[in-house]
Amino acid sequence: MADEPLDASPAAATPDAPAVSAPAPVPASARAAAASPVLRPRRESFEHGLLPIPKLVIPEGTLTQTLGQLKGKLAASGSGRVGAAALAEALQIPAEQAALALGTLAAVLPGDDDPALAAGEADLRDVILFLYIQSYKRLVPRAHKDSPSVADVWPSTSAFDGYLSALSPIQLVRSNSRRFMPSQADEEAHQLSYLQKHMANILTLLADSVDGEGDESMVLTMETFEHLGFLLQFSEGTPLSQAAPFFANSDPDMPAAPVPATQIHDWILQNIASSLEYTAEKSTTKENSQQNVSDPDVTMADAGTNTRIHSSSSTGASVQNSPGYYRNTSFVEAISKTSVVKKGSDIKGHSMKVLNCHDSVIYILAPLKYATVYGCSDTTVVFGAVGKVIKVEHCERVQIIAASKRICIANCRECIFYLGVNQQPLIVGDNHKLQVAPFNTYYPQLGEHLAQVGVDPNINKWDQPFVLGVVDPHDSLSHPAGVSDVQAESATCLDPDLFTNFLIPSWFEAEGLTKYNPFTLPEVYWASQKKKEDYS
């Protein structure tokens with residue numbers, strides 16, 4: 001998938017292209033937005049930064065007041081940094097949950113890892129922003145227009161009581177439609193609307209008080225303003241401070257003067273409103289178009305054939321330019337009975353999503369920051385190196401082979417995870433019959449990719465799951481309000497006699513120095529493998 005901005009111009013038609021009717025004209029406001037960067041939410045913060053810890057989710061009515069008091073308490077040290085012990089005391093949570101919160105924050109901050117985060121501390125401003133968005137509620141999927149057909153294809157006897165049934169990869173592949181799911185554009189608009197509603201409170205929490213009256217008494221420095229990059233970003237990668245007229249082209253030797261919070265608020269709301277209008281008009285244009293293309297959220301059409309290797313690096317311009325396509329994210333989606341190989345040259349950006357795949361084998365042999373596996377069944381997914389976090393959600397009977405700093409597993413059943421992870425695997429939600437095992441594969445460039453994203457093969461916490469509750473306060477669909485929480489079902493260690501090394505086929509010539517699994521196998525698993533080799 002080419003790494004093109006959402007607002008790129010449509011590709012010119014080729015002489016061999018099938019005849020299609022002309023697309024609807026693009027409104028003037030959309031054309032104007034396309035000429036300049038578009039403000040968007042940082043999806044990583046919302047997709048990977050929410051924790052189902054009840055004491056982190058502060059009621060909206062008291063959110064600003066509570067976080068204001070918390071800020072004052074945490075700022076008492078004067079260092080501007082927050083450690084796990086201080087956060088645990090301030091929030092009255094166990095120390096291990098506070099450490100998990102800071103580790104999760106580190107995983108979703110933009111840019112490279114802060115050395116202070118490696119030492120277990122975070123900037124107070126980032127902590128406040130992280131705690132604020134714990135109040136976010138995920139977008140609820142739209143009702144399917146033909147519920148009986150969904151039930152017929154994927155019976156409601158699923159362990160997920162109808163939720164996963166509505167999102168089933170089998171139903172998706174057979175019907176080739178997922179319009180009942182929130183699209184990428186829907187989710188982004190929902191996140192922007194949340195920030196639009198709460199921006200005044202967020203700026204109040206970040207602002208410094210100075211001498212003055214009314215609107216002039218609360219100001220933000222350029223350094224504090226840049227921390228909003230945790231929540232917002234421009235489509236072209238332009239830093240917030242360079243896009244904002246009041247901080248643009250500031251001399252590093254002469255820092256810009258602080259700016260009133262009200263002025264920053266007006267500028268952000270103006271940009272959010274323009275982005276929401278632009279996204280809505282792009283969606284309307286797509287819906288009004290009579291082009292015979294698949295749903296833009298489906299980046300790979302129904303692939304029900306027994307293809308040996310299905311290439312996913314080439315997608316149509318209609319996909320790249322739709323509201324369903326986002327910069328820095330590549331997709332493998334809606335494939336069935338197929339093998340897919342994605343190497344570094346196939347992936348543009350730092351994030352990969354594997355969505356709604358069935359009975360397939362998917363190899364992601366490239367360095368990434370983020371990865372998501374969602375709604376898959378009877379599928380094996382191999383990730384070479386993920387430097388921030390992998391999330392596996394609503395999957396059945398999948399095998400995940402992954403080397404990563406972190407992994408979060410939510411609402412899965414009968415899955416096996418072969419892991420090389422530097423942090424404890426996080427297990428949340430309604431899980432059943434999960435198994436974990438040590439990492440079991442390699443490919444020639446694996447060592448180079450691990451070093452590139454900062455995963456240490458000398459540290460592997462695959463067998464130390466961190467288990468939270470079943471109820472997710474950010475998602476009211478799976479578990480409605482009022483349902484009491486209990487600890488999620490943990491994972492068991494795979495029987496060493498059932499452990500096998502996974503061989504990645506040499507379909508393509510690849511140069512690299514890795515000749516064996518860089519993660520050391522525990523003795524009992526190594527002995528089991530040696531025994532099998534001796535018998536073979």
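The structure displayed is predicted, hence computed values, not measured ones. Nothing fancy with the numbering, it's 1 onward along the sequence.
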Closer than 3.5 angstrom, by distance alone: can the side chain of [X] be matched with the main-chain N or O of [Y] as a donor-acceptor pair?
X	Y	answer
D430	N411	no
S235	V38	yes
N431	C412	yes
K348	T329	no
T492	Q435	no
H48	A107	no
N440	T500	yes
T279	L276	no
D346	K343	yes
K55	Q92	yes

Carefully, step by step, assess N501 and T441 under the rule side-chain contact (heavy atoms from CB on, under 4.5 Å).
CA-CA 6 Å; N501 287 321; T441 194; over 6 Å; no
Can you find a pair of side-chain heavy atoms, one from [X] and one from [Y], that are under 4.5 Å apart?
X	Y	value
T104	L102	no
S330	S351	no
I53	L91	no
K71	L124	yes
L228	I202	yes
V421	F439	no
D123	F230	no
I427	F466	no

Can you see which heavy atom on [X] is nearest to which on [Y], and at what distance?
X	Y	result
G49	F130	O-CE1, 3.1 Å
A403	G384	CB-O, 3.3 Å
I268	L39	O-CD2, 4.2 Å
P41	L195	CB-CD1, 4.3 Å
K388	L109	NZ-O, 3.7 Å
G420	N460	CA-OD1, 3.4 Å

For a side-chain contact (heavy atoms from CB on, under 4.5 Å) check, start with the C-alpha distance between Q445 and L365, then their side-chain angles and the critical distance, and finish with the verdict.
CA-CA 8 Å; Q445 295 175 307; L365 309 181; over 6 Å; no
Any chance you could measure [X], atom [atom1], to [Y], atom [atom2], to the nearest 0.5 Å?
X	Y	atom1	atom2	result
L355	T372	CG	OG1	7.5 Å
I58	L67	CD1	CG	4.0 Å
I400	C395	CD1	SG	6.0 Å
Q399	E414	CD	CD	12.5 Å
L419	I390	CG	CD1	8.0 Å

Matching residue for S377 among E396, H358, H394 - test: side chain to side chain donor-acceptor pair (under 3.5 Å):
H358
Output yes when E187 and R138 qualify as a salt bridge under the 4.0 Å nitrogen-oxygen rule, no when they do not.
no
Pair K391 + E47, salt bridge at N-O below 4.0 Å:
no
For K353 and E333, what are the C-alpha separation, side-chain angles and deciding distance, and is it a salt bridge (charged side-chain N to carboxylate O under 4.0 Å, His left out)?
CA-CA 8 Å; K353 293 189 176 184; E333 186 167 7; over 6 Å; no
Checking Y136 now: which residues fulfil ring-ring contact (aromatic ring centres under 6.0 Å, His included) with it, not counting sequence neighbours?
F46, H190, Y194
Sequence neighbours left out, what passes ring-ring contact (aromatic ring centres under 6.0 Å, His included) with Y525? Give chain and number order.
W462, F499
Report the residues that fulfil side chain to side chain contact (heavy atoms under 4.5 Å, CB included) with [X], sequence neighbours left out, ordered by chain and then residue number.
X	value
A98	A84, L87, A88, I93
T520	none
D359	K337

Verdict with supporting geometry, Q184 and R43, side-chain hydrogen bond (donor to acceptor under 3.5 Å, both in side chains):
CA-CA 10 Å; Q184 301 284 319; R43 296 178 61 87; 2.9 Å; yes
Please check if atom CD in Q464 has more than 12 non-hydrogen atoms from other residues, nucleotides or ligands closer than 6.0 Å.
yes
The criterion is salt bridge (charged side-chain N to carboxylate O under 4.0 Å, His left out); which residues satisfy it with E44, sequence neighbours excluded?
R42
Are Y370 and H350 linked by a side-chain donor-acceptor pair shorter than 3.5 Å?
no
Parallel, tilted or perpendicular: which fits the ring planes of H449 and Y443, with parallel below 30° and perpendicular above 60°?
tilted
